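Following: one structure in structure tokens, then a few remarks.
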Protein chains: 2
Amino acid sequence: MRTVTKDNITDVFAAYFAEDTDPRTREVLIAMTRHIHDFAREVNLTHDEWRKGLEFLEWAGKITTPERNEFVLLSDVLGMSSLVDMQHSVEGATSSSVLGPFHVSNPPVLNIGGDMKRDFEGEVLLVEGTIRDLNGNPIPGAKLDIWQTAPNGMYSSQDPDQDIHSFHGLMTADENGRYAFTTVRPVSYTVPDDGPVGEILRAAGRHPWRPSHLHYIASADGFRSLVTEVFPDDDPYLDEDTVFGVRDDLVMTYVAQPAGSFPEGFELSGKVDDAYSRVDFDLILAPA
Amino acid sequence: MRTVTKDNITDVFAAYFAEDTDPRTREVLIAMTRHIHDFAREVNLTHDEWRKGLEFLEWAGKITTPERNEFVLLSDVLGMSSLVDMQHSVEGATSSSVLGPFHVSNPPVLNIGGDMKRDFEGEVLLVEGTIRDLNGNPIPGAKLDIWQTAPNGMYSSQDPDQDIHSFHGLMTADENGRYAFTTVRPVSYTVPDDGPVGEILRAAGRHPWRPSHLHYIASADGFRSLVTEVFPDDDPYLDEDTVFGVRDDLVMTYVAQPAGSFPEGFELSGKVDDAYSRVDFDLILAPA
């Protein structure tokens, strides 16, 4: 008879696989289980701790809805989402960074030079840049799906007072790969911490803050879609993003511009008399 | 600025912990996350695979109810439940083995010599043994909470045709630590495989069968409660229990007894003329 012991159970698990199993499935499931077992052995996991883990998963399952996915949030705060992003980033291309749960389908068209803040108040932020390939050539007609928080720290899907497409826009770059729009500064905000993931943050003595950022999904025919974010270099949470999304090449300076200097060619041209800020953010896409 | 990379993200995760964190919480969460990260790096986990994992957890959350806990089942089929059991087994005591999801509260009293099968048909199985301490001394008045499948392969909580206490009983050992009861042989059965855990079993080419067994929770003042199972040595699934519950010391021979030899002192004495089987299973409890 086969004797299962705490030392051989991982081998027994692997031995249960049928011979004709898909090799990648086998590789992933066996590696996953080996690491789960090694973890339990290494810390000599107790029954109480194991039950706590199961209760955590049950609770996460219970509060997960189409609008709030606690398992994605768990992956985010454990750094797993960022790790998967980073290990599939392409050398020379713009780093990818967490998608997060607040993207919405069918964003409204935002013309080049258009305004994404609509009726919201605040200092104007002018965002512009060029979308290029790995050789530095512009990608004409590349698409940018852009979204961010409102000044109250909430995305439209979290905030009953915003319409679902508030602070969302879909822009098509021009023949030189250029894009440009106006908005207000996105703000730092907290991830939801009233569920099981919040318990982990509190147990670790961690805060739930993310530095402020603009989200982008850049895409173009023949190129890999890029999910990324751009952060201002003066955000207090830059060094401690609770979902580990900050990368060197995604941090930009919001440059203060004097009153009366707002340029032509924008939806807001002629309407902005005050000082404003400007950020340049180029995106480099890898081939598909 | 702190640059998060795929190689340092585990250290950054650890660095986020506050200094006054509970040391065990810190140890467990950091080891868990290190193993999750190492897994992702080792197999170079893709975005598609990562999303599949998240969808798996969502699905498990959706079908989990008080009667069916898919996360416990996942832990069982990955060998995690058995591993935690084994690493807290005490040398010299009876091995512990998976509780499973079919235990019910408030089982009915079963007197020594009582019959647990009630009106169910089948060859009688006489089960008896002694509950002892690590020195071999009997433990008078030890309690045994006993449960098993009906002959149809279902536990009472799965089967609308059984009352909830069918094939459940709570026995108090006598002054010599002896227990004894009659039943019918439990049967091999399958774990639920119509949910996400079933997908894992199919992906691995594994079957969902468990060898037949009697469940016990043994307890006594001053002793550690023991959750265990006893298996017959002729079960075809003994070497491939899908939840890894079989241990050498839990496998017993059901000894065939000739017709007309059923003993005195049982509820069924005088009512069993046919051949029957007999199994001796002693339990050894560790001190609390």
Side-chain angles (χ1 to χ4, degrees), chain A residues 1-6 9 12-13 16-18 20-22 25 27-29 31-33 35-47 49-50 54 57-58 60-62 64 69 71-72 75 78-80 82-84 86-88 200 203-206 238-240 244 246-248 251, chain B residues 1-6 9 12-13 16-18 20-22 25 27-29 31-33 35-47 49-50 54 57-58 60-62 64 69 71-72 75 78-80 82-84 86-88 200 203-206 238-240 244 246-248 251:
Chain A
M1 200 207 83
R2 171 156 30 211
T3 303
V4 178
T5 69
K6 70 185 166 66
I9 191 167
V12 175
F13 176 84
Y16 276 9
F17 274 70
D20 58 351
T21 319
D22 171 66
T25 302
E27 179 189 10
V28 170
L29 286 178
M32 178 187 82
T33 303
H35 277 291
I36 294 174
H37 290 179
D38 284 347
F39 156 64
R41 282 186 284 248
E42 192 177 305
V43 302
N44 196 27
L45 197 73
T46 67
H47 278 99
E49 289 163 344
W50 167 78
L54 291 170
L57 292 169
E58 265 187 87
K62 265 194 199 116
T64 290
N69 189 318
F71 297 111
V72 172
S75 168
L78 295 184
M80 185 67 172
S82 278
L83 175 54
V84 173
M86 289 188 289
Q87 66 188 7
H88 296 285
I200 286 191
R206 277 172 58 177
L238 210 59
D239 269 357
E240 41 189 66
F244 307 89
V246 180
R247 320 271 176 262
D248 273 348
V251 178
Chain B
M1 201 207 84
R2 174 165 17 221
T3 302
V4 178
T5 69
K6 69 185 168 63
I9 191 167
V12 176
F13 176 84
Y16 277 9
F17 274 69
D20 58 351
T21 319
D22 171 66
T25 302
E27 179 189 8
V28 170
L29 286 177
M32 178 188 82
T33 303
H35 277 293
I36 293 174
H37 290 179
D38 284 347
F39 156 64
R41 283 186 283 248
E42 191 177 307
V43 302
N44 196 26
L45 197 73
T46 68
H47 279 100
E49 290 163 344
W50 168 77
L54 290 170
L57 292 170
E58 265 187 86
K62 267 196 197 111
T64 290
N69 190 317
F71 296 110
V72 171
S75 168
L78 295 183
M80 185 67 173
S82 278
L83 175 54
V84 173
M86 287 188 289
Q87 66 188 8
H88 295 285
I200 286 191
R206 275 171 60 176
L238 209 58
D239 269 358
E240 42 187 67
F244 307 90
V246 180
R247 321 269 176 265
D248 272 348
V251 178

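In what follows, every heavy atom counts, from backbone to side chain, and hydrogens, waters and symmetry copies are set aside. Keep in mind the model is a prediction, meaning the values are calculated, not measured.
- Put simply, of B:Leu29, B:Asp22, B:Asn69, B:Thr64, the one with the most heavy-atom pairs under 4.5 Å next to chain A is B:Asn69.
- Per-residue heavy-atom pair counts under 4.5 Å with chain A were compared for B:Leu54, B:Thr25, B:Thr33, and the maximum is reached by B:Leu54.
- At a 4.5 Å heavy-atom cutoff, A:Asp20 makes no contact with chain B through either its backbone or its side chain.
- Note: B:Gln87 leads B:Gln87, B:Met86, B:His47, B:Met32 in heavy-atom pairs under 4.5 Å with chain A.
- Contact count versus chain B (heavy atoms, under 4.5 Å) is highest, among A:Ile36, A:Val12, A:Leu45, for A:Leu45.
- If you measure heavy-atom distances from B:His37 to chain A, the contacts under 4.5 Å come from both the backbone and the side chain.
- Side-chain contact check for B:Val251 versus B:Val246: some heavy-atom pair is nearer than 4.5 Å.
- In terms of heavy-atom pairs under 4.5 Å with chain A, the best-connected choice from B:Tyr16, B:Phe17, B:Phe71 is B:Tyr16.
- Pairing each heavy atom of A:Ile9 with each of B:Phe244, the nearest pair is CD1-CB, 3.9 Å.
- Partners of A:Glu49 according to the salt bridge (charged side-chain N to carboxylate O under 4.0 Å, His left out) rule, which considers only residues two or more places apart in sequence or in another chain, are B:Arg24.
- Counting heavy-atom pairs closer than 4.5 Å to chain B, the top residue among A:His88, A:Lys6, A:Arg206, A:Glu240 is A:His88.
- Contact count against chain A (heavy-atom pairs under 4.5 Å) is highest for B:Ala40 among B:Ala60, B:Gly61, B:Ser82, B:Ala40.
- The salt bridge (charged side-chain N to carboxylate O under 4.0 Å, His left out) test applied to A:Asp38 returns A:Arg41, not counting sequence neighbours.
- Per-residue counts of heavy-atom pairs under 4.5 Å with chain B were compared for A:Ala31, A:Ala204, A:Ala18; the largest is that of A:Ala204.
- Interface summary for chain A: among B:Ile200, B:Val72, B:Thr5, B:Leu57, the most heavy-atom pairs under 4.5 angstrom belong to B:Leu57.
- Heavy atoms only, all atoms of each residue included: A:Phe39 and B:Val28 are closest at CE1-O, 3.4 Å.
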